[in-house]
Q: 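Have a look at this one before I ask anything.
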Amino acid sequence: YPDITPKSRQIIQGKFQYGIASISALLKKNGHKTSLIHLTREPVRDELLKQIESIQPDIIGFSTLTNQYRYTIMVSNWAKERFAPATLKR
């Protein structure tokens, strides 16, 4: 069931996630552009940050399952380090 398995760099087929698909559909219906990076293997920091940077997102969100939570924390920390200072307004 998991899209990422610990200690695995092999590509496995990801499952369709209804939650994130529903959020994306609602945002698109209301005129927003959405993008999805579906992780099916343990992420490589620089590769993933380049993907995110190419999208130029205004907002970065995550949808995760319990067994993938540690990857979500890892990736969110990478994104905060790279992108948060540019988006913070005082």
Side-chain angles (χ1 to χ4, degrees):
Y1 184 76
D3 288 336
I4 301 175
T5 56
K7 298 180 184 176
S8 174
R9 293 244 180 226
Q10 69 182 18
I11 296 174
I12 56 175
Q13 185 173 347
K15 307 292 185 206
F16 184 81
Q17 302 296 331
Y18 288 94
I20 197 73
S22 298
I23 292 169
S24 177
L26 183 63
L27 288 168
K28 287 177 180 179
K29 182 178 178 182
N30 286 282
H32 300 279
K33 180 182 173 189
T34 66
S35 298
L36 172 68
I37 299 174
H38 187 168
L39 300 177
T40 57
R41 62 180 172 87
E42 188 172 334
V44 176
R45 185 182 191 278
D46 290 338
E47 290 175 13
L48 182 62
L49 292 175
K50 281 180 186 179
Q51 277 187 287
I52 295 170
E53 196 166 44
S54 72
I55 296 168
Q56 299 179 334
D58 293 322
I59 297 171
I60 300 172
F62 299 90
S63 177
T64 191
L65 300 170
T66 302
N67 58 342
Q68 298 165 352
Y69 182 72
R70 71 183 180 121
Y71 297 106
T72 305
I73 295 301
M74 181 175 66
V75 170
S76 68
N77 286 332
W78 294 345
K80 281 173 30 178
E81 289 170 10
R82 174 71 64 89
F83 303 109
T87 60
L88 293 178
K89 295 187 171 69
R90 294 185 187 256

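This is a predicted model, so every value here is computed, not measured.
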Q: Mind checking whether Pro57 and Phe83 have side chains closer than 4.5 Å, heavy atoms only?
A: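 Result no, sub-4.5 Å side-chain heavy-atom pair not found.
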Q: Could you give the distance from CD1 (Ile52) to CD1 (Ile60), rounded to the nearest 0.5 Å?
A: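 Ile52 atom CD1 to Ile60 atom CD1 measures 5.0 Å (nearest 0.5 Å).
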Q: Considering only residues two or more places apart or on different chains, which pairs with a residue in residues 22-34 satisfy side-chain hydrogen bond (donor to acceptor under 3.5 Å, both in side chains)?
A: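 Applying side-chain hydrogen bond (donor to acceptor under 3.5 Å, both in side chains) to every pair that reaches into residues 22-34, excluding sequence neighbours, yields Ser24-Thr34.
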Q: Does one hydrophobic cluster hold both Ile73 and Leu65, with members joined at side-chain heavy-atom distances below 4.5 Å?
A: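 Ile73 and Leu65: separate clusters.
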Q: State yes or no: do Ile55 and Phe62 share one hydrophobic cluster built from I, L, V, M, F, W and Y residues joined by side-chain heavy-atom distances below 4.5 Å, directly or via other members?
A: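 Looking at the clustering, Phe62 is in the same group as Ile55.
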Q: Membership question, hydrophobic clusters at under 4.5 Å side-chain separation (ILVMFWY): are Leu49 and Met74 in the same one?
A: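 As far as the 4.5 Å side-chain criterion goes, Leu49 and Met74 are connected within one cluster.
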Q: Could you work out the complete set of other residues in the hydrophobic cluster of Ile23, with links drawn between I, L, V, M, F, W and Y side chains under 4.5 Å apart?
A: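 Leu27, which link up through side-chain heavy atoms under 4.5 Å apart, make up the rest of the cluster.
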Q: Just so I know, are the side chains of Tyr71 and Leu39 near enough to count as touching, which here means a heavy-atom distance under 4.5 Å?
A: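 When only atoms from C-beta onward are counted, Leu39 and Tyr71 do not touch, as no gap falls below 4.5 Å.
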Q: Partners of Ser63 by side chain to side chain donor-acceptor pair (under 3.5 Å), sequence neighbours excluded?
A: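 With neighbours one apart ignored, the set is empty.
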Q: If you round to the nearest 0.5 Å, how far is CZ of Arg82 from NZ of Lys50?
A: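 Here the interatomic distance stands at 9.0 Å.
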